[in-house]
2 protein chains.
Amino acid sequence: MSYNKEWLCWSSNELNDKIVEKILTTCPVRNYAKGEFIYRQGEKKDVCFLVLKGRIEISSENEDGQRKVFGIREPRCFIGISTLDGSPSLVNAICLEAVEVAVVSAQDINKGDREVLLYLLLSVIQMNKQLTSQLNGQTFDDVENRVENLLVTLSATLGKHEADSVVVTVPLTHQLISEMVGSSRVRVSQIIGELNKSGELVMNRSNYKLLKKSAL
Amino acid sequence: MSYNKEWLCWSSNELNDKIVEKILTTCPVRNYAKGEFIYRQGEKKDVCFLVLKGRIEISSENEDGQRKVFGIREPRCFIGISTLDGSPSLVNAICLEAVEVAVVSAQDINKGDREVLLYLLLSVIQMNKQLTSQLNGQTFDDVENRVENLLVTLSATLGKHEADSVVVTVPLTHQLISEMVGSSRVRVSQIIGELNKSGELVMNRSNYKLLKKSAL
């Protein structure tokens, strides 16, 4: 498996406590239930959100109901920054569990703290690199490589190292993988099956284990 | 043809004269000849650039020499912002003609003007939306639709309206189109040929003309 650490999908932001506290002194907190949309494709809004609790899926859907998942966002990530220029959102933000966010308005950003602005910039840069990597993958790589890159990348950011393997504790279904790499669920199941058979990968409902020689 | 105004490829930034002047008071100007690289894939640098003159191709290349063109940048665009976090560049910036840029360092950004920081943020947001749209196109659309979207989008931003058509003055080769939409030159030539035959498109070396009913 090749190693592509740029293709981060589950990404926690590097925001420190001080910045989070600073944001919380001026921005209201809002709660969402599992399954709720924080914002929808096509929606205009003049706020973005700092995730405080829970996990959120960022995805788009075409007229035929085909879905593309761009990533899963976790606490200390900003989401929805791309609509701050007044344009409609290109993606949906759907709560995968109970979610708490701080609502950061365009006004907060325009008049607010300089340090917060810098972190927002770093956060969009991070997204930008993920999108560039995914677009490179979608242009150059076949579906096997895209699946492998996803598994390896997650292991690089979230993996816990054991003697000869890396364990990644994320609930990763074949359906979700297919919507992340832009392929069919059937094709993804086939690829996962082959990796399983070769002993490189063991996949369970809530985690997966990669042989270290595959992961690195 | 469908209309997808988000997929901007040739994009001038909305930077006003005041901001450009502000940047020029602190940032040095650098010149590049046609064909020179401003930065390369894999390169680390702690500066970004404000384009002042000329046109720059942003692209990546895989080990087999396959190329993906992300876009062409023109004056008043920032380029290279994504490496400001210290990570290696995922793309090449190649001068298509003689180019003049202002070199904006990470330090300039950290300590500099708040308004410049806001424009940088808007600029990365703009890139972000282009990448999201391209990734959506690459995931959902077939090559015909991607070519048509590219032609229509360019006409929406750069087109000059005539009675029954829109004229877009950009040098757009079949090769460049294929590298923008992620397909082969042969396939692109075939698609352009079909559009030509149906009368929807007339394509020359330095411009193309779209029937208005196709463009809107």
Side-chain angles (χ1 to χ4, degrees), chain A residues 2 4-7 14 41 48 58-64 66-70 81-91 106 109-141 179-183, chain B residues 2 4-7 14 41 48 58-64 66-70 81-91 106 109-141 179-183:
Chain A
S2 64
N4 179 0
K5 76 167 176 176
E6 307 305 333
W7 195 7
E14 284 152 29
Q41 228 168 309
C48 69
I58 306 295
S59 57
S60 66
E61 202 173 311
N62 72 358
E63 315 84 63
D64 304 329
Q66 264 187 292
R67 282 160 40 86
K68 155 74 189 165
V69 176
F70 290 87
I81 306 178
S82 286
T83 58
L84 284 175
D85 65 349
S87 65
S89 177
L90 297 173
V91 294
I109 293 164
N110 283 328
K111 299 193 176 166
D113 190 84
R114 224 176 156 284
E115 208 179 356
V116 172
L117 197 52
L118 268 171
Y119 271 99
L120 269 171
L121 180 63
L122 281 174
S123 184
V124 196
I125 285 176
Q126 185 68 12
M127 293 307 130
N128 213 296
K129 288 191 298 182
Q130 288 178 29
L131 290 166
T132 302
S133 292
Q134 286 191 31
L135 194 48
N136 268 331
Q138 205 73 29
T139 308
F140 297 137
D141 297 341
E179 290 173 350
M180 297 194 87
V181 303
S183 183
Chain B
S2 64
N4 178 2
K5 76 168 176 176
E6 306 305 333
W7 194 8
E14 284 153 29
Q41 228 169 310
C48 68
I58 306 295
S59 57
S60 67
E61 202 174 311
N62 73 358
E63 316 84 61
D64 304 329
Q66 265 187 291
R67 283 160 38 87
K68 155 75 190 164
V69 175
F70 290 87
I81 307 177
S82 286
T83 57
L84 284 175
D85 65 350
S87 65
S89 177
L90 297 173
V91 293
I109 293 164
N110 283 327
K111 299 193 176 166
D113 190 85
R114 223 174 158 286
E115 208 179 356
V116 173
L117 197 51
L118 268 171
Y119 272 98
L120 270 171
L121 181 63
L122 281 175
S123 184
V124 196
I125 284 176
Q126 185 68 10
M127 294 306 129
N128 211 295
K129 287 190 298 181
Q130 289 178 27
L131 290 166
T132 303
S133 291
Q134 286 192 31
L135 195 46
N136 268 332
Q138 206 72 30
T139 308
F140 296 137
D141 297 341
E179 290 173 351
M180 297 194 87
V181 304
S183 182

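Heavy-atom basis, side chains included; hydrogens, waters and symmetry copies ignored. Since this is a predicted model, take the numbers as computed values, not measurements. Letters A, B, ... are given to chains in the order of the sequence lines, protein chains preceding strands, and every chain is numbered from 1.
- Here the CD-CG distance, from B/Q130 to A/L135, works out to 11.0 Å after rounding to the nearest 0.5 Å.
- The two atoms that bring B/S87 and A/K129 nearest to each other are OG-NZ, 2.9 Å, heavy atoms only.
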B/N136 and A/V91: CA distance, side-chain angles, deciding distance, side chain to side chain contact (heavy atoms under 4.5 Å, CB included) verdict: CA-CA 10 Å; B/N136 268 332; A/V91 294; 5.5 Å; no
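- Nearest heavy-atom pair, A/R114 versus B/K111, reported as atom, atom and distance to 0.1 Å: NH2-C, 3.7 Å.
- A distance of 11.0 Å separates CG in A/N128 from CD in B/Q126, rounded to the nearest 0.5 Å.
- Here the CG-CG distance, from B/L117 to A/L117, works out to 4.0 Å after rounding to the nearest 0.5 Å.
- With a 4.5 Å cut-off on non-hydrogen atoms, A/N110 touches chain B through its backbone and its side chain both.
- The residue from B/L121, B/L120, B/I81 that alone fulfils the side chain to side chain contact (heavy atoms under 4.5 Å, CB included) condition with A/V124 is B/L121.
- Atom CG of A/N62 sits about 7.5 Å away from atom CG of B/D141, to the nearest 0.5 Å.
- The CD atom of A/Q134 sits 8.0 Å away from atom OG1 of B/T139, with the distance rounded to the nearest 0.5 Å.
- Of all non-hydrogen atoms in A/Q138 and B/Q138, the two that sit nearest each other are CG-CG, 3.6 Å.
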